[in-house]
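Only one structure is covered here, and it is reproduced in the block below.
Quick note on labels: first sequence line is chain A, next is B, and so on, each numbered from 1. Predicted, not measured: the structure shown is a model, and the values here were computed from it.
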2 protein chains.
Amino acid sequence: MKNKKIKIARAEADVSQEKLAAMVGVTRQTINLIEGGNYNPSLKLCTAICKALNKTLDDLFWEE
Amino acid sequence: MKNKKIKIARAEADVSQEKLAAMVGVTRQTINLIEGGNYNPSLKLCTAICKALNKTLDDLFWEE
DNA sequence: ACAAAATGTCATTTATAAATGACATTTTGT
DNA sequence: ACAAAATGTCATTTATAAATGACATTTTGT
């Protein structure tokens, strides 16, 4: 399922997929895949995304 | 760095590495590697471990 | 003190996250 | 309305998570 939370957090922080990708050291496509869902990123990447957006794992990646 | 939190949560729930592995559908070695640190598990696996131990991502995998 | 269970660690193979390049479509600012 | 930036998606390659088997060491219950 899609990860809307990252998209929203990105909008709040006013960062594009490309900029977020640069901040965490991956490519734009990887960020795009994660937001699109059906993807299983590594813990390290999840953590990097959280820190870049000033969120925690539970904020962005915890479901239910 | 080592992940002591999982080890502690396991002790609380009285589950061995082997049992936890079975609960989340991986092998014992994978659990062992995660607890030992220097490992970068997938988000899906992290989430499964949390649910098996009644914890959240922040409880077990968030640092600082 | 002893046996059984649990843990640590190695080496090899397999599945998949992430990189890379490329192009089409959508969104945004002026 | 238009151009530029951002996003969606494909196909191929590379790096690494996770599987598997095997054995040594440590911990636990009696």
Side-chain angles (χ1 to χ4, degrees):
Chain A
M1 56 317 285
K2 288 185 134 207
N3 189 324
K4 265 187 94 175
K5 294 179 206 156
I6 294 178
K7 193 168 190 171
I8 292 165
R10 245 188 346 95
E12 282 172 8
D14 194 34
V15 261
S16 66
Q17 289 185 350
E18 179 129 45
K19 191 169 180 199
L20 177 57
M23 289 169 88
V24 301
V26 295
T27 57
R28 188 176 65 74
Q29 283 86 335
T30 297
I31 300 296
N32 192 338
L33 282 167
I34 293 170
E35 285 189 14
N38 330 347
Y39 206 64
N40 187 20
S42 71
L43 174 62
K44 211 171 277 184
L45 177 50
C46 292
T47 301
I49 290 171
C50 289
K51 290 187 175 170
L53 297 173
N54 275 309
K55 300 283 182 181
T56 71
L57 289 168
D58 284 358
D59 288 338
L60 299 184
F61 296 102
W62 187 251
E63 308 285 335
E64 136 201 15
Chain B
M1 56 318 283
K2 288 185 133 206
N3 190 323
K4 265 188 95 174
K5 295 179 205 155
I6 295 178
K7 194 168 189 171
I8 292 165
R10 240 182 354 90
E12 280 172 8
D14 194 33
V15 262
S16 66
Q17 289 185 348
E18 179 129 44
K19 192 169 179 198
L20 178 57
M23 289 168 90
V24 301
V26 295
T27 57
R28 187 176 66 75
Q29 283 86 335
T30 297
I31 300 296
N32 191 340
L33 282 167
I34 293 169
E35 285 190 14
N38 330 345
Y39 207 63
N40 187 20
S42 72
L43 174 61
K44 211 170 277 183
L45 176 50
C46 292
T47 301
I49 290 171
C50 289
K51 290 188 174 167
L53 297 174
N54 276 309
K55 299 284 181 179
T56 70
L57 288 168
D58 285 358
D59 288 337
L60 299 184
F61 295 102
W62 187 251
E63 307 284 335
E64 137 201 16

Non-hydrogen atoms of B:Glu35 and B:Ile6 that approach each other most closely: OE2-CG2, 3.5 Å
Rounded distance (Å) that lies between atom C1' of C:dG8 and atom OH of B:Tyr39: 15 Å
Sugar-phosphate only, base, or nothing, as touched by B:Glu35 at under 4.0 Å among non-hydrogen atoms: nothing
State the CD-CD distance between B:Gln29 and B:Gln17, to the nearest 0.5 angstrom. 9.5 Å
Among A:Ile34, A:Leu53, A:Thr47, exactly one meets side chain to side chain contact (heavy atoms under 4.5 Å, CB included) together with A:Leu60. Which residue is that? A:Leu53
The nucleotide from D:dA17, D:dA19, D:dT7 with an atom nearest the side chain of A:Asn32 is D:dT7
Separation of atom CG in B:Asp14 from atom P in D:dG29, rounded to whole Å: 9 Å
Please determine, for D:dT30, whether a Watson-Crick or G-U wobble partner exists with both distances under 3.5 Å, and give it or none. C:dA1
Touch check for A:Leu45, heavy atoms < 4.0 angstrom, all strands: base, sugar-phosphate only, or nothing? sugar-phosphate
Side-chain contact, heavy-atom cut-off 4.5 Å: B:Cys50 with A:Trp62? yes
Could you state the atom-to-atom distance from CD1 of B:Ile31 to C1' of C:dA5 in whole Å? 17 Å
Within the pair B:Ser42 and D:dA18, is there a side-chain N or O less than 4.0 Å away from OP1 or OP2? yes
So if I take every side-chain heavy atom of A:Arg28 and compare against D:dC23, D:dA18, D:dT7, which nucleotide ends up nearest? D:dT7
A:Arg28 versus A:Ala21, closest heavy-atom pair with distance: N-CB, 3.6 Å
CD of A:Glu18 versus C1' of C:dG21: gap in Å, rounded? 13 Å
How close or far is atom P of D:dA18 from atom CD1 of B:Ile34, stated in whole angstroms? 6 Å
Residue B:Lys5 excluded, over 12 heavy atoms near NZ under 6.0 Å: yes
Which of the following nucleotides, D:dA22, C:dT7, D:dA19, is nearest to the side chain of B:Val26? D:dA19
Report yes if a side-chain nitrogen or oxygen of B:Gln17 is closer than 4.0 Å to either non-bridging phosphate oxygen (OP1 or OP2) of C:dG8; otherwise report no. yes
Rounded to whole Å, the CD-C1' distance (A:Gln29 to C:dA17) equals 13 Å
For C:dA18, does either OP1 or OP2 sit under 4.0 Å from a side-chain N or O belonging to A:Thr30? no
Tell which nucleotide pairs with C:dT7, taking only Watson-Crick or G-U wobble pairs whose two distances are both under 3.5 angstrom. D:dA24
Could you tell me the separation between the CG atom of A:Asn38 and the C1' atom of C:dA17, rounded to a whole number of Å? 14 Å
For C:dA17, what is the paired nucleotide under Watson-Crick or G-U wobble rules, both distances under 3.5 Å? D:dT14
Of B:Asn40 and B:Lys7, whose nearest nucleotide on DNA chain C comes first from the 5' end? B:Lys7
At 4.0 Å (heavy atoms only), tell me whether B:Ser16 reaches a base, stays on the sugar-phosphate, or touches nothing. sugar-phosphate
Taking CG from A:Leu33 and P from C:dA17, how many angstroms apart are they, rounded to a whole number? 9 Å
